[in-house]
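Since the structure comes first, as structure tokens, the remarks are kept for the end.
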2 protein chains.
Amino acid sequence: MATMADVARSAGVSVATVSHVLNGTRPVSPGTRRAVLDAVDALGYTPNTLARSLVTARTRSIGLAVSAISNPYFTAILQGVETAALEAGYGLLLADPHDDPLHEREVARLLHERRVDGLIVAPSARPDELVDYLSRHAVPTVFLDRLIDPPGSGDGAAAAAATGAPFFDQVCAESAEPTARLVAHLAGLGHRRIGLIAGLPGLSTTRERVTGYLDGLAAAGLAHDDRLLLSGSSESAGAERATATLLALSDPPTALVTANNAMTLGALRVLRRHGLSVPRDIAVCCFDDFPWADLFSPRLTAIAQPSRELGTRAVRLLLDRLAEPGRPSRTVRLPCAFVHRTSCGCPEEATPSEAAERTASSALPKIPPEPPSEKGTAS
Amino acid sequence: MATMADVARSAGVSVATVSHVLNGTRPVSPGTRRAVLDAVDALGYTPNTLARSLVTARTRSIGLAVSAISNPYFTAILQGVETAALEAGYGLLLADPHDDPLHEREVARLLHERRVDGLIVAPSARPDELVDYLSRHAVPTVFLDRLIDPPGSGDGAAAAAATGAPFFDQVCAESAEPTARLVAHLAGLGHRRIGLIAGLPGLSTTRERVTGYLDGLAAAGLAHDDRLLLSGSSESAGAERATATLLALSDPPTALVTANNAMTLGALRVLRRHGLSVPRDIAVCCFDDFPWADLFSPRLTAIAQPSRELGTRAVRLLLDRLAEPGRPSRTVRLPCAFVHRTSCGCPEEATPSEAAERTASSALPKIPPEPPSEKGTAS
DNA sequence: AACGCTTGCGCAAGCGTTTACGCGGGGTCA
DNA sequence: TGACCCCGCGTAAACGCTTGCGCAAGCGTT
């Protein structure tokens with residue numbers, strides 16, 4: 001493989017000059033520049049970024065560690081990250097922590113050893129090891145989707161605080177309020193027994209969605225029945241079990257809220273298996289919209305997260321931090337959209353076209369288009 | 001950041017010894033080993049793979065360039081690749097060529113500049129630039145999903161042949177026969193006008209599925225009507241247009257085959273928009289199964305590709321090539337499964353459980369469980 | 001004519017590893 | 001006791017790039 005020295009020799013200049021031509025880091029006479037450029041493509045020279053990174057101490061690449069890549073939600077995030085990164089001239093290193101604390105730490109190490117400039121991570125439910133590793137090695141990181149306990153409550157945070165380093169940046173979607181809204185909607189339709197299939201315990205998203213669920217019940221003046229709140233472990237199989245349990249109750253729920261799309265899938269499977277019709281026999285609303293949601297029958301009423309933007313925001317946060325390491329850390333929360341369809345029990349709109357569908361939700365109080373909240377949480 | 005020199009100093013040994021301890025590349029006395037290891041985690045030392053790669057000339061990372069990451073099919077591939085790579089101790093660099101020939105070439109360059117050991121690419125419809133780049137720079141590559149013209153017909157191939165380098169390895173799913181099978185199934189149900197929404201012209205997958213479609217028609221003794229074969233450009237919007245065109249025909253098809261899942265989506269949208277009921281008004285079969293396909297109503301009869309295995313096979317092929325650069329190139333074709341559900345017009349099974357559904361397809365001639373064909377295509 | 005300034009470039013010291021050599025000391029064998 | 005070997009380790013030269021420093025030539029001043 002041709003190196004810079006080869007190019008230099010072939011162009012009759014020094015390697016320094018070649019470097020400067022290629023990077024535009026200092027003026028070079030037109031003649032020399034031509035000679036170099038010609039040599040470059042005569043030899044088919046490709047710069048070796050490894051060597052470059054070794055001296056500059058930056059790789060212009062970021063690591064992405066998210067579990068369950070197959071989830072359309074994460075996929076959209078991935079897309080957002082990919083485009084934003086590429087746009088900024090950054091490469092993307094991917095790794096799957098498999099939602100396991102140890103694996104997660106290993107994956108962070110792998111990425112760090114490859115000297116990514118920063119990391120974007122959707123942490124697991126027990127991220128202590130991870131946070132510990134990241135703060136010990138001062139790896140610039142933004143947490144995605146799931147929030148980490150604020151500084152002062154965890155080991156890693158303490159370590160970070162001790163070194164005076166800012167805590168991590170974070171970005172996620174608003175979860176509580178939209179979930180409450182789903183519950184309110186169902187309650188408004190007359191439902192009194194509304195079940196929730198929640199996610200993995202320990203995740204901030206789970207906590208917030210449960211909170212939203214309870215808030216929604218309270219706001220509607222409904223009593224909370226413990227037996228109606230089950231964990232579906234954030235995945236399809238768990239949701240199947242939870243749904244089956246709910247249906248076996250002596251007084252099963254008349255409406256169901258599912259807390260992410262994998263669990264929606266599981267719940268729907270079980271409902272079908274029991275020969276129940278949605279929304280006639282049981283209404284369903286889900287957190288997490290997805291591309292197929294409008295093709296089910298009934299079409300699924302859902303909360304749509306700004307998944308793609310979550311990804312781009314994460315990248316932006318990271319790049320900001322890289323540019324200015326000392327800045328106070330930020331937590332960005334993006335608003336969700338209520339996508340009103342028919343699985344909640346509301347009648348199909350007159351014109352079942354996409355356009356009509358979008359405006360349908362305006363019958364309900366609109367989420368104000370305020371800019372996403374950004375609050376500094378410098379420790 | 002601590003370097004090997006720091007560790008060496010702290011342990012009172014030379015950097016060479018540290019290196020050998022860390023890599024196990026030569027025997028070291030237990031005492032020294034301990035000292036080094038202790039120093040390592042006292043300092044929180046993390047090896048710099050950049051420096052290592054610079055001297056070893058391998059990065060232990062592979063590049064993955066696939067478009068449309070959001071497609072569940074590619075997502076499954078991605079998962080396969082990720083796990084297989086990690087298992088072999090390889091990192092994964094991701095880039096999206098956006099199905100564009102130029103972008104594709106750029107992405108390959110980006111990955112190559114980062115010195116990935118090899119590349120896995122799902123090439124676009126016009127991969128000449130890409131192939132050219134790859135063979136000029138001798139980047140070990142396996143093509144995924146879409147096949148490249150065999151050597152002797154293209155520029156890149158010619159270049160490769162000229163340098164005596166083997167042509168690229170490839171892996172894809174069987175396309176023609178399963179598509180024919182879909183058509184045969186529909187014809188068997190009495191359909192005489194069967195439409196095909198095909199993919200992007202130029203893709204091998206498109207070619208093969210069209211071939212399969214025509215074969216299926218011929219085998220059923222049906223005449224081929226040009227107007228029933230439209231391109232949906234491999235994506236949802238294109239399929240919507242194509243479907244609308246089909247429905248506007250004076251004698252529209254009574255059955256539809258869609259050639260990938262994005263197009264299935266588009267087609268279904270349009271059918272719904274036109275108030276058509278599947279399969280009563282029109283039957284639908286699709287190439288490309290996906291996780292939600294059994295929750296639609298009707299449940300979609302589809303060809304399931306072994307997507308995940310496609311990914312793992314690609315990695316295996318690549319690693320084999322890296323281990324033995326001179327080996328003749330191989331093309332691996334994996335068989336698909338016919339998943340029989342109800343959108344074709346067949347009645348729902350007695351027990352609509354998962355188990356019953358799986359066995360349902362055994363009513364039809366089974367695809368023999370022969371090992372995937374691997375034929376050498378050394379140029 | 002001497003001076004300084006600008007312009008255009010080369011020299012060489014790293015960046016953090018791996019690895020071919022080589023060297024001293026202790027054991028084994030004749 | 002000397003020859004030999006092996007064991008355990010250090011020395012130093014790469015790997016391919018960036019970048020601070022400095023030099024020579026050409027120009028416009030006084």
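The structure displayed is predicted, hence computed values, not measured ones. Every chain is numbered from 1 and lettered A, B, ... according to where its sequence line falls, protein lines coming before strand lines.
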Note the angle between the end axes of the helix from C:dA1-D:dT30 to C:dA30-D:dT1, five pairs defining each, rounded to 10 degrees. 50°
Under the side chain to side chain contact (heavy atoms under 4.5 Å, CB included) rule, what do B:Tyr133 and B:Leu130 come out as? Steps first, then yes or no, please. CA-CA 5 Å; B:Tyr133 183 90; B:Leu130 173 71; 5.7 Å; no
Give the rounded distance in Å between these two atoms: [atom1] of [X] and [atom2] of [N].
X       : N      : atom1 : atom2 : result
A:Arg58 : C:dG16 : CZ    : P     : 16 Å
B:Arg33 : D:dC7  : CZ    : P     : 16 Å
B:Arg9  : C:dG16 : CZ    : C1'   : 13 Å

Is A:Arg316 salt-bridged to A:Asp320, cutoff N-O under 4.0 Å? no
Any carboxylate oxygen within less than 4.0 angstrom of a Lys/Arg side-chain nitrogen, looking at B:Arg146 and B:Asp99? yes
Backbone of A:Ser53 reached by a side-chain donor or acceptor of A:Thr59 within 3.5 Å: no
Treating B:Asp38 as the side-chain partner and B:Ala35 as the backbone partner, does any N or O pair qualify as donor plus acceptor under 3.5 Å? no
Test log, rule side chain to side chain contact (heavy atoms under 4.5 Å, CB included), inputs A:Phe143 and A:Cys172: CA-CA 8 Å; A:Phe143 287 114; A:Cys172 69; over 6 Å; no
For C:dT17, does OP1 or OP2 lie under 4.0 Å from any side-chain N or O of B:Ser53? no
Return yes when atom CZ of A:Arg60 has more than 12 non-hydrogen atoms of other residues, nucleotides or ligands closer than 6.0 Å, and no otherwise. yes
With sugar-phosphate taken as primed atoms, P, OP1 and OP2 and all else as base, the protein-contact string of nucleotides 10-20 of chain D at under 4.0 Å (heavy atoms; B, S, -) is BB---BBBBB-
Do B:Asn48 and A:Leu54 make a side-chain contact, defined as non-hydrogen atoms from C-beta onward lying under 4.5 Å apart? yes
